[in-house]
Amino acid sequence: MLDRMTTEEKARQLDMYTGVPALIDKHIDNTHAAPDAQFQPEVATKLFGSLGVGSIHDLYPRAELANEIQRWVIEHSRLGIPAIFIEEGLHGFSDGTVFPAPINLAATWDPDLARQTGAAIAGEMRAAGVHMVLGPVLDVAREPRWGRVEEDFGEDPYLTGQLGLAYVQGAQGESLSSDHSVIAEPKHFVGHGSPESGLNTSPVHIGERELHTIMLKSFEPAIREGHAMGVMAAYHEIDGVPVASDPSLLTGVLRNEWGFRGFVLSDLGAIRRLWEDHHVVVNPQEAIVEAINAGIDMQFYDFDHDAFQRAVASGIDDRTLSPQALDRAVSAVLRAKFELGLFDHPYTDPSLTPRVKRSQEHLQLSLESARESLVLLKNEGRVLPLQKNVKSLAIIGPNAAIARYGDYEDEKNGRRISIVDGIRALSPQTHITVDDGSDIHAAVDHAQSAEVVIMALGEYQGISGESFDRQSLDLPGNQEALLETVAATGKPVVLVLENGRPLTIDWAARQIPAILEAWYPGEFGGQAVAEVLFGDRNPSGKLTITFPRTVGQLPVFYNFDPSKTTKYVDGDRTPLFPFGYGLSYTSFIYNNLSIKTPDPGSTADIVATVAVRNAGSIEGDEIAEVYLHHDVSSVEVPDRALAGFARVHLQPGEEKIVVFHMRQSELAVWNTRHEWTVEKGPYTIFVGGSSLANLAAHFTMPVSFAAALQSHTLKLP
């Protein structure tokens with residue numbers, strides 16, 4: 001195919017075009033086609049000519065519309081190359097099933113649920129004629145002021161990597177050419193979750209070791225094992241080098257080390273920022289050439305189409321753009337189209353949509369994800385679960401009667417089951433008073449007339465999400481005053497939070513007896529919350545990001561370096577709620593931890609075995625967590641690092657033996673020679689129900705370079 005293409009045709013394959021409003025006559029907004037939108041071929045003739053098109057975005061089509069556009073593209077381009085339709089789908093596609101936000105999915109600690117969610121979203125997208133999802137987000141979220149924390153899987157690279165791998169496997173399926181799979185595109189490669197001051201697109205200040213051992217680690221499984229066919233290059237810089245023009249990352253690590261075979265799409269504005277913000281080039285021409293030479297394969301509306309495509313042709317003419325780099329980029333895009341099966345089967349069966357979109361299976365999956373994601377932060381005096389014979393409840397706060405979905409989802413979609421809706425359905429005999437909390441005096445009156453008060457507080461669209469970064473992590477608006485005033489009535493208070501990031505709720509943690517973190521739990525969120533509040537479900541979610549006491553502690557995360565030993569003179573250094581933390585209505589006991597190390601020369605895993613017992617009176621799920629500590633290492637490494645986890649269901653009094661297999665590569669350190677190596681140790685393993693786990697076992701590794709060589713991440717020192 002490459003040999004038959006002109007430079008102009010190659011350049012066109014590297015360009016993304018908008019579907020709305022350019023290609024259709026009616027649209028809902030500036031990204032979504034109207035249900036009865038019609039394709040405008042006369043516009044396509046002027047826009048595309050006979051050169052074809054790389055991709056089409058911001059259309060959210062129905063199958064018939066996508067087919068009509070695809071047919072025109074194929075029949076009117078000289079070589080008949082189909083287009084890739086690309087859309088967002090972080091926790092649901094268009095007006096399909098609304099799944100809980102990614103931060104919820106992470107709180108389940110359930111890779112199988114992540115795999116099923118990726119597959120469900122992919123199925124609904126492919127049924128509409130879309131071939132690629134812009135996700136999952138695999139940034140390590142170490143800056144909670146950053147608005148996009150809700151799109152992430154949390155602060156830990158191992159957990160993010162495992163959930164990201166499962167999501168990619170679900171979305172891409174066994175074959176990309178199926179009618180229910182799409183290209184997954186992990187983003188934002190790499191390090192984007194730790195921006196300076198918490199501001200989106202800001203610089204990231206990390207060293208080379210942190211880049212390799214933390215930030216890259218969260219992406220690696222999705223590429224190496226999941227074979228993701230898309231990657232989005234981020235628009236920040238690391239230590240002065242913009243990612244969009246960094247060949248060491250986009251070519252050296254991604255392609256040469258990890259074997260990436262898909263195509264790299266720039267984040268919106270990443271290439272333009274090389275010129276306008278980073279000032280590392282003198283004009284758009286140089287920005288485009290540098291990006292492609294470094295490893296970017298497709299622009300995302302960065303520059304006008306004519307300017308972008310002329311820059312590619314001019315770069316070839318003046319030899320600033322490597323012909324090999326251009327062919328690499330075009331090959332990557334074409335390979336994706338071939339693997340999607342678009343050359344053989346370019347059109348979508350319209351009958352798929354009524355069978356797939358919002359299917360009962362997908363709706364049930366959304367509900368189950370919401371249920372597993374709720375994190376019980378406090379339950380002093382066993383306030384929860386509530387009795388269903390409670391006579392009266394006051395549900396107070398701005399999140400009481402609205403189903404909060406989080407960013408990248410329209411809150412008009414789905415079932416929209418709010419906390420009020422969920423409680424009314426589950427406890428119909430209870431008299432419920434609802435107040436949005438805007439008038440604190442009125443809210444207090446309602447609280448005083450109720451047996452129990454549920455405070456529905458937190459965040460909402462416009463204060464959390466992309467480009468909604470905050471200086472403060474306190475409850476927004478009047479919510480802190482509202483909470484404290486209502487609590488002063490002396491009524492039992494349950495705080496239910498819906499939010500996209502950790503909040504500084506130190507007063508609530510000290511004064512409110514019960515706190516449930518619900519994040520943004522999707523269209524069935526209110527039902528899931530009600531089930532937990534009344535005990536129909538035992539909460540089992542665990543935090544995947546640390547809750548600070550104040551913003552003055554930032555950055556604060558569990559896997560800090562052990563040299564962080566000093567204390568503040570004006571407050572506690574410890575977090576409010578640690579990574580991996582979450583309560584249950586029952587209790588779990590861990591004992592009999594043992595470690596088996598591999599024989600010298602063996603490539604086998606380190607195996608940890610522990611007994612977990614439900615010591616309470618009701619059944620429940622426990623997430624058992626394994627943490628690795630290097631007692632001694634050639635370079636300083638985090639105090640402890642998650643190395644395994646398992647969700648275990650236990651009946652009252654039941655005990656199960658849980659076995660964890662840890663690859664030897666989990667022990668590897670990025671040494672002073674910039675090489676991965678497994679050192680002898682000694683090491684300590686901690687197992688328990690949070691990052692504060694204290695059941696310990698010790699071991700050393702046999703000196704075995706063969707073991708180091710077996711791992712694709714390790715090199716012989």
Side-chain angles (χ1 to χ4, degrees), residues 100-104 106-107 141-155 193 197-199 373-379 396-400 402 404-407 419 437 454-466 468-487 493-521 525 529 539 541-558 571-572 574-583:
I103 193 70
N104 285 81
R142 284 189 160 187
E143 176 45 87
R145 292 172 295 178
W146 184 50
R148 306 190 75 170
V149 168
E150 65 181 67
E151 302 177 30
D152 270 351
F153 290 148
E155 71 185 39
S197 304
L199 292 170
S373 70
L374 304 185
V375 184
L376 183 61
L377 297 178
K378 186 179 179 183
N379 194 22
I396 299 171
N399 292 346
I402 299 174
R404 296 297 187 193
Y405 288 168
D407 204 6
I419 294 171
I454 295 173
M455 299 297 293
L457 307 180
E459 295 182 305
Y460 41 84
Q461 289 182 349
I463 198 171
S464 178
E466 184 172 0
F468 295 113
D469 312 310
R470 298 181 61 191
Q471 294 185 38
S472 167
L473 296 177
D474 294 343
L475 289 166
N478 75 339
Q479 292 184 39
E480 184 66 33
L482 173 67
L483 177 64
E484 293 186 17
T485 306
V486 169
V493 174
V494 176
L495 172 59
V496 178
L497 293 170
E498 290 182 294
N499 43 286
R501 52 160 72 84
L503 299 176
T504 47
I505 54 168
D506 186 58
W507 186 90
R510 287 184 283 110
Q511 302 295 332
I512 303 300
I515 304 174
L516 181 68
E517 174 59 80
W519 306 109
Y520 292 132
V529 167
K542 302 272 189 172
L543 294 181
T544 65
I545 186 166
T546 300
F547 272 53
R549 295 180 185 275
T550 71
V551 292
Q553 287 182 307
L554 301 181
V556 57
F557 39 82
Y558 88 94
D572 197 329
T574 62
L576 190 61
F577 299 109
F579 175 87
Y581 173 84
L583 301 176

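All values reported here derive from a predicted model rather than from experimental measurement.
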### Summary
Rounded to the nearest 0.5 Å, the CD1 atom of Ile103 sits from the OH atom of Tyr520 at a distance of 11.0 Å
#### Entry: Residues in ring-ring contact (aromatic ring centres under 6.0 Å, His included) contact with Tyr558, at least two apart in sequence or another chain
Phe579, Tyr627
### Query
Gln479 side chain to Gly458 main-chain N or O, any donor-acceptor pair under 3.5 Å?
yes
### For Pro502, all residues meeting side chain to side chain contact (heavy atoms under 4.5 Å, CB included), sequence neighbours excluded
Pro144, Val149, Ile545, Phe547, Pro548
#### Entry: Val551 vs Gln471 side-chain heavy atoms within contact, under 4.5 Å
no
### Query
With sequence neighbours excluded, what pairs up with Trp519 under the side-chain hydrogen bond (donor to acceptor under 3.5 Å, both in side chains) test?
none
### Task
Rounded to the nearest 0.5 Å, what's the gap from CD on Glu484 to CG on Asn478? Could you check?
11.5 Å
### Task
Give me the one residue out of Glu155, Arg142, Gln553 that meets side chain to side chain donor-acceptor pair (under 3.5 Å) with Thr546.
Glu155
### Query
What residues, two or more places apart in sequence or in another chain, satisfy side-chain hydrogen bond (donor to acceptor under 3.5 Å, both in side chains) together with Asp572?
Thr574
## Note on the structure
Hits for salt bridge (Lys or Arg N to Asp or Glu O under 4.0 Å) against Asp506, two or more places apart or cross-chain, chain-then-number order -> Arg510, Arg549
### Message
For Tyr460, give me all partners under ring-ring contact (aromatic ring centres under 6.0 Å, His included), at least two apart in sequence or on another chain.
### Response
none
## Note on the structure
Across all chains, not counting sequence neighbours, the side chain to side chain contact (heavy atoms under 4.5 Å, CB included) partners of Asp474 are Ser472, Thr504
### Message
Can you tell me how far apart OG (Ser464) and CH2 (Trp146) are? Round to the nearest 0.5 Å.
### Response
11.0 Å
### Task
Might you work through the side-chain contact (heavy atoms from CB on, under 4.5 Å) test for Ile512 and Met455, ending with a clear yes or no?
CA-CA 10 Å; Ile512 303 300; Met455 299 297 293; over 6 Å; no
### Query
Just how far is it from atom CG of Asp407 to atom CD1 of Ile463, taken to the nearest 0.5 Å?
13.0 Å
### Message
Using the salt bridge (Lys or Arg N to Asp or Glu O under 4.0 Å) criterion, which residues pair with Glu150? Sequence neighbours excluded.
### Response
none
### Query
Do Gln511 and Leu495 come close enough that some side-chain heavy atom pair is under 4.5 Å?
no
### Message
To the closest 0.5 Å, what do you measure between CG (Leu475) and CD (Glu459)?
### Response
8.5 Å
### Task
Can you see which heavy atom on Glu498 is nearest to which on Pro521, and at what distance?
OE2-CD, 3.4 Å
### Task
For residues Leu497 and Ile505, determine if any side-chain heavy atom of one lies less than 4.5 Å from a side-chain heavy atom of the other.
yes
### Task
Of all the heavy-atom pairs spanning Ala508 and Ile515, show the shortest one and how long it is.
O-CD1, 3.7 Å
### Query
Looking at side-chain heavy atoms only, is the closest gap between Phe153 and Thr544 below 4.5 Å?
no
## Note on the structure
Tightest non-hydrogen contact, residues Ala518 and Val496, listed as CB-CG1, 4.4 Å
### Task
Check whether any side-chain heavy atom of Pro575 sits under 4.5 Å from a side-chain heavy atom of Tyr581, and report yes or no.
no
### Task
Please list, chain by chain and in numerical order, all residues satisfying salt bridge (Lys or Arg N to Asp or Glu O under 4.0 Å) with Arg148, sequence neighbours excluded.
Glu151, Glu466
### Task
Using side chain to side chain contact (heavy atoms under 4.5 Å, CB included) as the criterion, list what pairs up with Ala509, not counting sequence neighbours.
Leu576, Phe577
### Task
Using side chain to side chain contact (heavy atoms under 4.5 Å, CB included) as the criterion, list what pairs up with Asn379, not counting sequence neighbours.
Leu376, Val383, Leu384, Ala514, Tyr585
#### Entry: Sequence-distant partners of Asn399, side-chain hydrogen bond (donor to acceptor under 3.5 Å, both in side chains), two or more places apart
Arg404
### Summary
dist Arg470:CZ -> Arg501:CZ (nearest 0.5 Å) comes out at 5.5 Å
### Message
For a 4.5 angstrom cut-off between non-hydrogen side-chain atoms, does Glu517 reach Asn499?
### Response
yes
### Query
Does the side chain of Leu457 come within less than 4.5 Å of Leu482's, by heavy atoms?
yes
